[in-house]
Engineer: 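Take a look at this one; I'll ask things after.
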Amino acid sequence: MKKILFLTVALVGLSVAANAQSVKVARVNTQDVMASLPEVDSARIKLESFAKDLQDELETMQVEYNNKLESYNKTKAAMTPVIASQKERDLNDLARRIQERSQTAQEDYGNVQMSLMQPIIGKVEESIKKIAKTLAITVVFDAQDGPVYIDENTPDITNNVIKDLGGTPKAQ
């Protein structure tokens with residue numbers, strides 16, 4: 001619903017702007033642009049390494065918990081109620097820490113992903129603006145999120161952006 005409303009407002013705005021000046025529209029496929037950049041692969045490798053480290057950390061914590069639980073279950077019958085209660089509190093505390101670390105690990109992953117990708121996204125956006133200004137384009141739609149209809153004759157500046165960023169354009 002919001003997208004339809006946005007498109008309606010955008011089209012009305014374009015028609016008003018068309019009366020005032022010539023509107024030149026183009027499209028770009030940012031997904032193709034991102035896929036062509038070597039720094040995206042580098043960021044992906046760093047992110048996968050970070051994710052592996054997080055997974056290893058959580059698995060180590062889980063193994064520790066499982067070992068303590070197994071030990072507790074084997075020796076529970078011989079424990080005094082006070083010691084058994086303390087061991088249960090220790091197990092519950094460790095389970096809570098695992099849960100908390102799992103949640104913070106997800107946040108950490110998102111933060112690292114953002115810190116790795118944001119500079120690349122900014123670079124792509126700047127290149128799109130540069131190409132649009134060079135070609136006197138007024139509006140650029142992303143082919144991935146674009147409007148309901150784009151005429152096939154609408155200029156596609158994807159390869160221009162890829163070239164500008166030093167990537168290898170796709171054959172058209």
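By convention here, the first residue in the shown sequence is residue 1.
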Engineer: Distance-only, no hydrogens or angles: does the Ser36 side chain make a donor-acceptor pair with backbone N or O of Thr168 under 3.5 Å?
Structural biologist: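 Answer holds: no.
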
Engineer: Return the set of residues passing side chain to side chain contact (heavy atoms under 4.5 Å, CB included) with Glu126 (not counting sequence neighbours), or none when no residue passes.
Structural biologist: Lys129

Engineer: Checking Arg96 now: which residues fulfil salt bridge (charged side-chain N to carboxylate O under 4.0 Å, His left out) with it, not counting sequence neighbours?
Structural biologist: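 With sequence neighbours excluded, Arg96 shows a salt bridge (charged side-chain N to carboxylate O under 4.0 Å, His left out) to Asp93, Glu100, given in chain and number order.
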
Engineer: Check this for me: Gln62, atom CD, are more than 12 non-hydrogen atoms of other residues, nucleotides or ligands nearer than 6.0 Å?
Structural biologist: yes

Engineer: Output all residues satisfying side chain to side chain donor-acceptor pair (under 3.5 Å) with Gln118, sequence neighbours left out; order by chain, then residue number.
Structural biologist: none

Engineer: Between atom CD1 of Ile98 and atom CE of Met61, what is the distance when rounded to the nearest 0.5 Å?
Structural biologist: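 Nearest 0.5 Å value for the CD1-CE distance: 5.0 Å.
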
Engineer: With sequence neighbours excluded, tell me which residues meet salt bridge (charged side-chain N to carboxylate O under 4.0 Å, His left out) with Glu64.
Structural biologist: Lys68

Engineer: Under 3.5 Å, which donor-acceptor pairs do the side chains of residues 48-57 form with other protein atoms, sequence neighbours left out?
Structural biologist:
{"from": "Lys52", "atom 1": "NZ", "to": "Asp56", "atom 2": "OD1", "distance (Å)": "3.0"}
{"from": "Lys52", "atom 1": "NZ", "to": "Asp56", "atom 2": "OD2", "distance (Å)": "3.2"}
{"from": "Gln55", "atom 1": "NE2", "to": "Glu59", "atom 2": "OE2", "distance (Å)": "3.1"}
{"from": "Glu57", "atom 1": "OE1", "to": "Arg101", "atom 2": "NE", "distance (Å)": "3.4"}
{"from": "Glu57", "atom 1": "OE1", "to": "Arg101", "atom 2": "NH2", "distance (Å)": "3.2"}
{"from": "Glu57", "atom 1": "OE2", "to": "Arg101", "atom 2": "NE", "distance (Å)": "2.9"}

Engineer: Assess whether a salt bridge exists between Asp164 and Lys130, defined as any Lys/Arg side-chain N lying under 4.0 Å from an Asp/Glu carboxylate O.
Structural biologist: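 Answer for the salt bridge query: yes.
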
Engineer: For residues 74-87, pull every pair meeting salt bridge (charged side-chain N to carboxylate O under 4.0 Å, His left out), keeping only residues two or more places apart or in separate chains.
Structural biologist: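 Only Glu70-Lys74 qualify under salt bridge (charged side-chain N to carboxylate O under 4.0 Å, His left out).
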
Engineer: Could you list the residues that satisfy side chain to side chain contact (heavy atoms under 4.5 Å, CB included) with Asp41, not counting sequence neighbours?
Structural biologist: Arg44

Engineer: With sequence neighbours excluded, tell me which residues meet side chain to side chain donor-acceptor pair (under 3.5 Å) with Gln113.
Structural biologist: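 Gln113 satisfies side chain to side chain donor-acceptor pair (under 3.5 Å) with no other residue.
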
Engineer: Transitively linked via ILVMFWY side-chain contacts under 4.5 Å: Leu91 with Met79?
Structural biologist: yes

Engineer: Does the pair Gln86 and Asp90 meet the rule for a side-chain hydrogen bond (donor to acceptor under 3.5 Å, both in side chains), with working shown?
Structural biologist: CA-CA 6 Å; Gln86 180 60 44; Asp90 291 345; 2.8 Å; yes

Engineer: Do Thr80 and Ile83 come close enough that some side-chain heavy atom pair is under 4.5 Å?
Structural biologist: yes

Engineer: Step by step, would you call Thr158 with Asp32 a side-chain hydrogen bond (donor to acceptor under 3.5 Å, both in side chains)?
Structural biologist: CA-CA 7 Å; Thr158 303; Asp32 286 350; 5.6 Å; no

Engineer: Going by the rule side chain to side chain contact (heavy atoms under 4.5 Å, CB included), which residues pair with Lys46 if we only count those two or more places apart in sequence or in a different chain?
Structural biologist: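 Once residues adjacent in sequence are excluded, the partners of Lys46 under the side chain to side chain contact (heavy atoms under 4.5 Å, CB included) criterion are Ser42, Leu116.
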
Engineer: What residues join Met114 in its hydrophobic cluster, counting side-chain heavy atom gaps under 4.5 Å, either direct or through other members?
Structural biologist: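 Hydrophobic cluster check, Met114: no partners found.
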
Engineer: Look only at the side chain of Thr75 and the backbone of Ser71, and say whether a donor-acceptor pair between them is shorter than 3.5 Å.
Structural biologist: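 Here the side-chain-to-backbone pair exists.
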
Engineer: Work out which heavy atom in Ala84 is nearest to a heavy atom in Tyr72; give both atom names and the distance.
Structural biologist: O-CE1, 3.8 Å

Engineer: What residues, two or more places apart in sequence or in another chain, satisfy side chain to side chain contact (heavy atoms under 4.5 Å, CB included) together with Thr60?
Structural biologist: none

Engineer: Under 4.5 Å between side-chain heavy atoms, chaining through other members, with only Ile, Leu, Val, Met, Phe, Trp and Tyr counted: pull out the rest of the cluster around Leu165, sorted by chain and number.
Structural biologist: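 Reading the cluster by chain and number, Leu165 sits alongside Val28, Val33, Met34, Leu37, Val40, Met117, Ile120, Ile121, Val124, Ile128, Ile131, Leu135, Ile137, Val140, Ile157, Val161, Ile162.
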
